[in-house]
2 protein chains.
Amino acid sequence: MKLTEPEWLIMNTLWDKHPAKARDVVERLPSSVNWAYTTVKTMLDRLVEKKAVSKSKRGNTGLYEPRLSRRQARRTALRMVLDRAFDGAFGPMMYFLVEDESLSAGERKELIKILSGKSRSKGEQK
Amino acid sequence: MKLTEPEWLIMNTLWDKHPAKARDVVERLPSSVNWAYTTVKTMLDRLVEKKAVSKSKRGNTGLYEPRLSRRQARRTALRMVLDRAFDGAFGPMMYFLVEDESLSAGERKELIKILSGKSRSKGEQK
DNA sequence: ATAATTCTACTACGTTTGTAGCATACTTCA
DNA sequence: TGAAGTATGCTACAAACGTAGTAGAATTAT
């Protein structure tokens, strides 16, 4: 499931804390974002339609909850870049990342540790 | 400069070989893509408008050339994911990548080599 | 109970995307 | 030199996005 930019913002607040009322989402949106309540409402409803979010009701008030996991969304986003921008080649993308981004020595070390630690072969997890 | 999905396809053929005529692009598009000549033309022109591609003419025929570098496009795409999906935190994204993707032992080793090789501290490059 | 507030449902509307047709002008080959 | 093919510029148009208003229902506070 592909998310658009504003949808990411909404989902992020939802992942951080849920269930949430539309009002909650509005309030927890990054301060740089100044959407009208109705805008957020519309987007929430569209996300429900897309099945990225589920909606229940307590009394008259709608409660929204992520249905799409953050992990899955991240996976989709990365795979998209991987496919479009690196023709699906994982190695080159990783190479690009460590080459292009300026990693601190600490970050590099951290990564090496992660990589070394994962000696066991991991099964697919879809 | 953000590229849309079909734009990536066009740009990819352009990066692979350029300058190219509209016809060339049509032909080099992945076989799964079956766009009409005019569709490609429209997209090329929109890319020109966006300044992602430059256009010159030899006689009556337009020659297109990437103006946006592949590297820059990749950077933008990755930064977008980084910002939206990982709140700009590079480490966690890398962690996610090595955690989530099932790397082969070889790939891991390769990465470790890359990482270890880059011991010199690299200056910022924005 | 009633006024004020808050939600919800529904609608709106300009822009961008995705995809392509048409008419016209140019090129080329028989 | 005219027919066939190709390129170009312009137009079209539906779906998705991004953003928000309005009206009426429900809740709350006085």
Side-chain angles (χ1 to χ4, degrees), chain A residues 1-14 18-65 68 73 76-77 80-81 83-85, chain B residues 1-14 18-65 68 73 76-77 80 83-84:
Chain A
M1 164 120 17
K2 191 186 173 5
L3 299 176
T4 66
E5 284 224 20
E7 283 172 350
W8 269 101
L9 299 183
I10 301 271
M11 291 304 286
N12 276 332
T13 78
L14 237 39
H18 60 93
K21 295 182 285 183
R23 180 65 52 187
D24 297 336
V25 174
V26 173
E27 271 154 21
R28 290 209 224 86
L29 243 23
S31 56
S32 52
V33 175
N34 256 67
W35 290 327
Y37 173 90
T38 46
T39 300
V40 172
K41 198 73 180 30
T42 301
M43 288 203 282
L44 277 170
D45 290 340
R46 286 188 188 167
L47 282 166
V48 169
E49 216 167 302
K50 271 200 190 181
K51 311 247 201 256
V53 165
S54 72
K55 179 184 188 180
S56 54
K57 288 201 139 190
R58 189 187 19 166
N60 186 46
T61 301
L63 287 182
Y64 298 89
E65 219 153 341
L68 173 69
T76 303
M80 193 129 287
V81 177
D83 287 347
R84 301 280 156 266
Chain B
M1 164 120 17
K2 189 184 172 7
L3 299 175
T4 67
E5 285 223 20
E7 283 172 348
W8 269 101
L9 299 183
I10 301 270
M11 291 304 287
N12 276 331
T13 79
L14 239 38
H18 60 93
K21 295 182 285 183
R23 180 68 51 186
D24 298 336
V25 174
V26 173
E27 273 155 21
R28 290 210 224 85
L29 243 23
S31 57
S32 53
V33 175
N34 257 67
W35 290 327
Y37 172 88
T38 46
T39 301
V40 172
K41 198 73 178 33
T42 301
M43 288 203 281
L44 277 170
D45 290 341
R46 284 186 189 167
L47 283 166
V48 169
E49 215 168 302
K50 271 200 192 182
K51 310 247 203 256
V53 166
S54 72
K55 178 185 189 180
S56 54
K57 288 202 142 192
R58 191 190 18 169
N60 188 43
T61 301
L63 287 182
Y64 298 88
E65 220 154 340
L68 173 68
T76 303
M80 195 128 286
D83 287 347
R84 302 279 158 266

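Just so we're on the same page: letters track the sequence lines, and every chain starts at 1.
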Provide, to the nearest angstrom, the distance between the CD atom belonging to B:Glu5 and the P atom belonging to D:dC17. 11 Å

If you take all heavy atoms of A:Arg84 and B:Asn12, which pair is closest and at what distance? O-ND2, 3.0 Å

Give the residues of residues 50-62 of chain B touching DNA chain D, defined as any heavy atom closer than 4.0 Å, sorted by residue number. B:Lys55, B:Lys57, B:Asn60, B:Thr61, B:Gly62

Contact between A:Leu68 and A:Thr76 at the side-chain level, heavy atoms closer than 4.5 Å - yes or no? no

Anything under 3.5 Å between a protein N or O and an N or O of nucleotides 28-30 of chain C, put it in a table, one pair a line.
none

As an exercise, state the distance from CD1 of B:Ile10 to NZ of B:Lys41, rounded to the nearest 0.5 Å. 11.5 Å

Contacts under 3.5 Å, N or O only, protein and nucleotides 28-30 of chain D:
none

Quick one: side chains of residues 44-59 of chain A, donor-acceptor pairs under 3.5 Å with protein atoms, not counting sequence neighbours, listed by atom name and distance.
unit_1: A:Asp45; atom_1: OD1; unit_2: A:Tyr64; atom_2: OH; d: 3.2
unit_1: A:Lys50; atom_1: NZ; unit_2: A:Lys2; atom_2: O; d: 3.2
unit_1: A:Lys50; atom_1: NZ; unit_2: A:Glu7; atom_2: OE1; d: 2.9
unit_1: A:Lys50; atom_1: NZ; unit_2: A:Glu7; atom_2: OE2; d: 3.1

What is the distance, rounded to the nearest whole Å, between atom CG of B:Asp24 and atom C1' of D:dT6? 13 Å

Report the distance from atom CD1 of B:Ile10 to atom P of C:dT17, rounded to the nearest whole Å. 14 Å

Should B:Thr39 and B:Met43 count as side-chain neighbours, where that means a heavy-atom distance under 4.5 Å? yes

Stretch residues 26-49 of chain A: residues that reach within less than 4.0 Å of DNA chain C through a heavy atom: A:Tyr37, A:Lys41, A:Arg46

Which sits closer to the 5' end of DNA chain D, B:Leu63 or A:Pro6, going by the nucleotide each is nearest to? B:Leu63

In residues 18-38 of chain B, what donor-acceptor pairs under 3.5 Å come from side-chain atoms, sequence neighbours left out?
unit_1: B:Asp24; atom_1: OD2; unit_2: B:Lys21; atom_2: N; d: 2.9

Looking only at heavy atoms, what is the nearest atom pair of B:Glu65 and B:Leu14, with distance? C-CD2, 4.4 Å

OP1 or OP2 of D:dT6 under 4.0 Å from side-chain N/O of B:Arg23: no

Provide the closest heavy-atom pair for B:Leu3 versus B:Ala73 in the form atom of the first, atom of the second, distance. CD1-CB, 4.1 Å

Measure NZ/A:Lys21 against P/D:dT27 and give the value in whole Å, please. 12 Å

